[in-house]
There are 2 protein chains.
Amino acid sequence: MKDIQPDWPAGLKKTKQRECVLAVLEHARKPLSAMEIYSEIKRDGTSVWLSTVYRILELLVKRGMAVKIAVMNSETALYELNRFQHKHYAVCMNCHKIIQMDNCPMEKFLPKFQDDDFQVIGHNLEIYGFCKDCAH
Amino acid sequence: MKDIQPDWPAGLKKTKQRECVLAVLEHARKPLSAMEIYSEIKRDGTSVWLSTVYRILELLVKRGMAVKIAVMNSETALYELNRFQHKHYAVCMNCHKIIQMDNCPMEKFLPKFQDDDFQVIGHNLEIYGFCKDCAH
DNA sequence: TTCATTTTGAAAACCCTTTTCAGCATAGAA
DNA sequence: TTCTATGCTGAAAAGGGTTTTCAAAATGAA
């Protein structure tokens with residue numbers, strides 16, 4: 001699990017726990033919760049504490065190496081490696097699967113506001129509905 | 001505060017606490033948190049418990065009379081009366097003010113998904129940036 | 001008014017996340 | 001390599017919003 005980091009980011013102390021969190025994120029095929037990352041690491045036999053996972057995730061987000069995703073109406077945050085792509089997700093209302101969207105409606109859109117001006121920095125968009133397995 | 005409900009919704013027992021929550025929501029000029037609703041009611045001299053406010057809000061949402069808004073990266077949910085309009089909000093990154101948007105980018109947009117099909121039911125969109133008071 | 005049923009008060013539990021602080025590990029200096 | 005300052009983790013507890021519990025109180029139908 002620790003064989004894929006080519007070079008360690010400068011200024012970060014290299015610890016077993018940080019290597020593991022990064023490795024899990026690199027192997028992840030979908031955004032993961034702190035608990036999922038924690039379980040994955042423990043399953044591999046490494047000892048970590050949940051609070052440490054949270055600390056490491058916070059650090060990675062602060063350094064721009066990871067992205068925190070807040071799925072609406074879900075109380076747990078998800079994390080993934082920052083691959084520097086603008087993206088949005090669709091969430092299945094039945095199985096809660098998360099599916100990546102490949103386009104963005106905000107590209108060609110000028111928002112109008114009730115109040116006067118608003119300097120737009122970014123946006124979050126989430127589609128909800130039913131995935132192909134749960135559509136009936 | 002209890003002077004504006006023309007007729008009480010059928011099947012709902014009329015209690016002081018429910019009247020108050022509805023009254024606060026009717027007077028609100030922006031989405032409110034459970035705590036804000038609770039404070040407002042107590043400020044008017046009525047005795048309520050926070051858990052009761054939560055219970056009432058849950059009931060109103062379940063009945064479609066209120067809408068729950070989950071502002072991303074904020075851990076408190078907001079509630080407002082369901083006025084049956086499709087809308088989105090912009091959130092100021094500095095003062096956290098919430099400003100209503102008057103248009104929606106999803107109106108003329110067909111999402112493309114990484115996985116195959118996804119049956120779209122709805123969407124959440126949130127713009128973030130700086131309001132006119134906080135833009136510098 | 002009486003009674004069955006809901007609703008609330010009051011407190012505690014929940015769940016995810018953050019904080020605390022002492023002990024330990026790490027990286028850089030010697 | 002060894003030493004040392006600094007940063008990181010373990011372990012536990014606290015935090016903050018929200019939900020649950022259960023007995024007591026209030027509601028509305030008869």
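Lettering of chains follows the sequences in order, A, B, ..., and the numbering in each one begins at 1.
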_Terminal contacting nucleotides, 5' and 3', DNA chain C versus chain A (heavy atom, 4.0 Å)_ = C/dC16 to C/dA27
*For DNA chain D, whose closest nucleotide is more 5', that of A/Q17 or that of B/L78?*
A/Q17
*Answer yes or no: is there a side-chain heavy-atom contact under 4.5 Å between B/M72 and A/K68?*
no
_pair A/I56-A/Y79: side-chain heavy atoms closer than 4.5 Å_ = no
*Does the pair B/K16/B/E19 count as a salt bridge with the N-to-O cut at 4.0 Å?*
no
*asked:* Do B/T52 and B/R55 have side chains that approach each other closer than 4.5 Å (heavy atoms only, starting at C-beta)?
replied: yes
*Pick base, sugar-phosphate or nothing for A/R55, based on heavy-atom distances below 4.0 Å to the nucleic acid.*
base
*Check every strand shown and say whether B/I56 touches a base, only sugar-phosphate, or nothing at a heavy-atom separation below 4.0 Å.*
sugar-phosphate
*Relative to the 5' end of DNA chain D, which residue comes earlier, B/E75 or A/S47, by the nucleotide with the nearest heavy atom?*
A/S47
*Determine whether B/H96 and B/V71 make a side-chain contact, defined as any pair of heavy atoms from C-beta on separated by less than 4.5 Å.*
no
*asked:* Set out, in order, the CA-CA distance, both residues' side-chain angles and the distance that settles side-chain contact (heavy atoms from CB on, under 4.5 Å) for B/Q17 and B/V48, then state yes or no.
replied: CA-CA 6 Å; B/Q17 294 83 349; B/V48 208; 3.7 Å; yes
*Is there a side-chain contact (heavy atoms from CB on, under 4.5 Å) between B/L57 and B/L25 once you walk through the steps?*
CA-CA 10 Å; B/L57 288 170; B/L25 288 176; 4.2 Å; yes
*asked:* Under 4.0 Å, counting only non-hydrogen atoms across every strand here, what does B/S33 touch: a base, just sugar-phosphate, or nothing?
replied: nothing
*Determine whether B/R63 and B/L12 make a side-chain contact, defined as any pair of heavy atoms from C-beta on separated by less than 4.5 Å.*
yes
*asked:* Using a 4.0 Å cut-off to any heavy atom of chain B, which nucleotides of DNA chain D are the first and last in contact, reading 5' to 3'?
replied: D/dG17 to D/dG28
